[in-house]
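A short worksheet on the structure shown next.
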Amino acid sequence: VRELPEWPRDCLPDGADRYARAVAAETCTDPRLAGLLVLAVLAGSSARLVNVSPKPGGWREPLNLWALPIAATGELKSAVYSQVMQPLHEAERDLSDATSHDRNMAEAMQRAAQQAQAKAEKVLANATDGRARDEASAALDAAVAQANRTEPTSEPQLVSSDLTVQTLPGLLARNSERLIVASAEPG
């Protein structure tokens, strides 16, 4: 079996390198495991925000990284994974807290628009003359337009460990096409 090189000191920004090495020291694990996971988190956090151009003046590509850290059973992959992912989970909670008022307002506006639409449908159904039908139809059109304009916002999600091909497009759409898919265990 060929011996792998040591984790290079200059491949991560200083703070990220110190963090990866601290996680490795605390868990008594190989620094390459924490380093690769930190690199994956940095890349995922930069997705859709940073583009690279392989050639000056050439096409641009989003910065993406697919990482597959592999270690034998009992080498504390889950402990390292948990520590490296903790800042992302904290950021998710902070974002959720910071956007909760806006989400609640959007949900309330959506409910109000749906109620206005239901009321307008009843008025139109009970309209007896042409003028009342025209007014009710216009009110219904306005209510439907308002309901279509007000869309509840979802809670921010930076990380997912359990998704399917059916749920991935919705998650990406709700999160500006940015999502870190990560799991401590395969499956």
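Being a predicted model, the structure only gives us computed values, none of them experimental. Along the sequence shown, residues carry numbers from 1.
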Inset, instruction - Over all heavy atoms of both residues, which pair between A67 and A40 is shortest? Give the atoms and the distance, please. - result: CB-CB, 4.0 Å
Inset, instruction - Indicate yes or no for a side-chain donor-acceptor contact from E61 to the backbone of P54 under 3.5 Å, with no hydrogens or angles considered. - result: no
Legend entry - Electrostatic pair E107:R103 at N-O distance under 4.0 angstrom: no
Inset, instruction - Please confirm whether the backbone N or O of S78 pairs with a side-chain atom of S82, one donor and one acceptor, at under 3.5 Å? - result: yes
Legend entry - hydrophobic_cluster_shared for V181 and V41, side chain cutoff 4.5 Å: no
Inset, instruction - Hey, could you give me the CH2/CG distance between W7 and L33, rounded to the nearest 0.5 Å? - result: 10.0 Å
Legend entry - Check: L179 and L163 side chains under 4.5 Å, non-hydrogen atoms: yes
Inset, instruction - Spell out, yes or no, whether Y19 and L88 are grouped together once hydrophobic residues are joined by side-chain heavy atoms under 4.5 Å, including indirect joins. - result: yes
Inset, instruction - Taking all non-hydrogen atoms of both residues into account, name the closest pair between A132 and D129 and its distance. - result: N-OD1, 2.7 Å
Legend entry - Nearest-0.5 Å distance, CZ of residue R133 to OG1 of residue T128: 7.5 Å
Legend entry - Exceeds 12 heavy-atom contacts within 6.0 angstrom, atom CG of D162: no
Inset, instruction - Kindly indicate whether the side chain of P69, heavy atoms from C-beta on, has any atom under 4.5 Å from the side chain of V80. - result: no
Inset, instruction - Mind listing the closest non-hydrogen atom pair of A143 and A120 along with its distance? - result: CB-CB, 4.5 Å
Legend entry - Shortest non-hydrogen separation from P31 to R21 and the atoms involved: CB-NH1, 4.2 Å
Legend entry - Listed once per pair and sorted, the side chain to side chain donor-acceptor pair (under 3.5 Å) pairs that draw on residues 24-33, sequence neighbours left out: E26-Q83, T27-T29, D30-R32
Legend entry - Contact summary for L12 and D17, nearest pair of heavy atoms: CB-N, 3.9 Å
Inset, instruction - Would you mind checking if R93 and D97 are paired as a salt bridge, meaning a charged N to carboxylate O distance below 4.0 Å? - result: no
Inset, instruction - Measure from the side-chain N and O atoms of T99 to the backbone N and O of D102, and report whether any donor-acceptor pair falls under 3.5 Å. - result: no
Legend entry - Path from V159 to V38 over hydrophobic side-chain contacts below 4.5 Å: yes
Inset, instruction - Measure the CD-CD1 distance between E75 and I70 for me, rounded to the nearest 0.5 Å. - result: 11.5 Å
Inset, instruction - Identify the heavy atoms of V23 and A34 that sit nearest to each other, and give their distance. - result: CG1-CB, 4.1 Å
Inset, instruction - Could you grab the distance from atom CE of M109 to atom CD of Q146, nearest 0.5 Å is fine? - result: 5.5 Å
Legend entry - Verdict with reasoning, S160 to L168, per side-chain contact (heavy atoms from CB on, under 4.5 Å): CA-CA 9 Å; S160 179; L168 180 60; over 6 Å; no
Inset, instruction - Please round to the nearest 0.5 Å and tell me the distance separating atom CD1 of I180 and atom OG of S161. - result: 12.0 Å
Inset, instruction - With sequence neighbours excluded, give me every side chain to side chain donor-acceptor pair (under 3.5 Å) pair touching residues 115-125. - result: Q117-E121
Legend entry - Hydrophobic cluster membership, L65 vs M85, 4.5 Å side-chain cutoff: yes
Inset, instruction - Tell me, please, which residues at least two apart from Q114 pass side chain to side chain donor-acceptor pair (under 3.5 Å). - result: none
Legend entry - N/O donor-acceptor pair under 3.5 Å between R178 side chain and L158 backbone: no
Inset, instruction - Supply the atom-to-atom distance L37 CG to L42 CG, rounded to the nearest 0.5 angstrom. - result: 11.0 Å
